[in-house]
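Small disclaimer: the values here were computed from a predicted structure and weren't measured.
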Amino acid sequence: MALAAARRLLLHAGSRLGRREAVDGARRFANKRVLVETEGPAGVAVMKLRNPPVNSLSLECLTEFTISLEKLENDKSIRGVILTSECPGIFSAGLDLLEMYGRNPAHYAEYWKNVQELWLRLYTSNMILVSAINGASPAGGCLLALCCDYRVMADNPKYTIGLNESLLGIVAPFWFKDMYVNTIGHREAERALQLGTLFPPAEALKVGVVDELVPEDKVHSKARSVMAKWLAIPDHSRQLTKNMMRKATADNLIKQREADIQNFTSFISKDSIQKSLHMYLEKLKQKKG
Ligand SMILES: CCCCCCCCCCCC/C=C/CC(=O)SCCNC(=O)CCNC(=O)[C@H](O)C(C)(C)COP(=O)(O)OP(=O)(O)OC[C@H]1O[C@@H](n2cnc3c(N)ncnc32)[C@H](O)[C@@H]1OP(=O)(O)O
């Protein structure tokens with residue numbers, strides 16, 4: 001309930017801000033964790049995640065992300081969005097592990113509902129989505145990129161991308177899997193999901209997780225030039241084609257959203273799964289020491 005109220009407030013405040021700044025030409029609106037700028041080519045917004053240190057998708061971050069997308073969808077002058085990160089070296093560390101560890105079932109259910117909501121909105125967006133992957137992109141970070149129509153990644157071997165859930169002792173849900181299969185094919189997805197593979201850029205390109213690699217300082221300019229190419233296609237034909245390609249996958253979740261929330265909640269509440277998450281979090285901490 002509190003989140004629904006926050007969402008209404010943010011939408012309202014954001015639209016006032018958006019209108020005021022439109023007077024100056026380039027527009028910009030920001031929540032705490034998501035910055036949206038509409039400078040550059042007409043009809044294109046750049047959405048930057050800024051939830052330091054690692055852009056983990058906390059409940060607040062998911063909510064702000066979803067609201068920002070909703071506002072862009074409602075703005076008929078926007079045809080494309082470049083999705084990127086403001087955190088150096090990290091695109092997104094994926095779902096926030098602290099939202100899935102040591103909480104109660106009602107919290108898990110609320111969190112998962114918001115994860116579903118963002119995914120459905122991104123995956124079925126009528127806008128052209130291009131990801132400018134300027135850092136590490138494990139699990140939910142990879143999920144965000146996979147929702148886009150085109151993925152440009154920085155060619156830095158320090159960065160990896162992939163659905164690594166099995167390494168954490170958890171299981172990617174069927175709709176993560178479906179989207180992976182749609183993107184890289186059944187055999188590659190089966191192997192990568194079981195092994196929890198995090199692909200360095202060259203391998204990610206080879207397997208098709210990303211579409212193009214460029215030097216780190218060219219990620220944004222390349223994303224813009226890709227966007228220009230996609231903008232040249234009539235919206236109605238591109239949108240109908242996108243819908244035709246993606247609808248069955250999205251419908252598969254839509255028809256069983258409640259059951260999926262129940263599955264997640266009971267899975268993540270299990271002692272054995274909580275133990276795995278605990279061990280993984282400890283490992284992350286120890287890496288530092
Ligand atoms: C029959 C079948 C049943 C099926 C049921 C299905 C339903 C169940 C489905 C369950 C699936 C749930 C899906 C989850 C998807 C996810 O996205 S899980 C998250 C996965 N993410 C990761 O594995 C990334 C982990 N992080 C890293 O690898 C690194 O942090 C990094 C490469 C992103 C960055 O490295 P570095 O720059 O060196 O920073 P760190 O020092 O490691 O981290 C800084 C700080 O951030 C914390 N942190 C990192 N990642 C996360 C995260 N995802 N969530 C929360 N917090 C994170 C890290 O612990 C550090 O914290 P401290 O500073 O130590 O406090």
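For residues 115-149, the pairs satisfying ring pair (Phe, Tyr, Trp, His ring centres under 6.0 Å) are W119-Y123, W119-W175, with sequence neighbours left out.
For NZ of K113, the number of neighbouring non-hydrogen atoms (other residues, nucleotides, ligands) closer than 6.0 Å is 12 at most.
With hydrogens and angles left out, the side-chain atoms of Q194 and S166 include no donor and acceptor closer than 3.5 Å. Residues T84 and N134 bring a donor and an acceptor atom of their side chains to less than 3.5 Å of each other.
When each of K222, K229, E212 is paired with Y150, the side chain to side chain donor-acceptor pair (under 3.5 Å) condition holds for E212 and for no other. Each of L205, I133, V130, L144 was compared with R151 under the side-chain contact (heavy atoms from CB on, under 4.5 Å) criterion, and only I133 meets it.
To the nearest 0.5 Å, the span separating CD on E64 from CG on L59 amounts to 10.5 Å.
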Exercise. Under the salt bridge (Lys or Arg N to Asp or Glu O under 4.0 Å) criterion, do R257 and D260 qualify, and how do the steps go?
Worked result: CA-CA 5 Å; R257 272 186 85 165; D260 183 59; over 6 Å; no

Exercise. Stepwise, does the side-chain hydrogen bond (donor to acceptor under 3.5 Å, both in side chains) test hold for T66 with N114?
Worked result: CA-CA 8 Å; T66 304; N114 280 273; 5.7 Å; no

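Residue P138 comes nearest to S92 through the heavy atom pair CD-O, 3.1 Å, listed as atom of the first residue, atom of the second, then distance. Closest non-hydrogen pair, V210 versus I161, comes out as CG1-CD1, 4.2 Å.
Although no hydrogens or angles enter the test, the distance criterion places a donor-acceptor pair under 3.5 Å between the side chain of Y111 and the main chain of D96.
Below 30°, between 30° and 60°, or above 60°: for W112 and F264 the angle between ring planes is below 30°, a parallel geometry.
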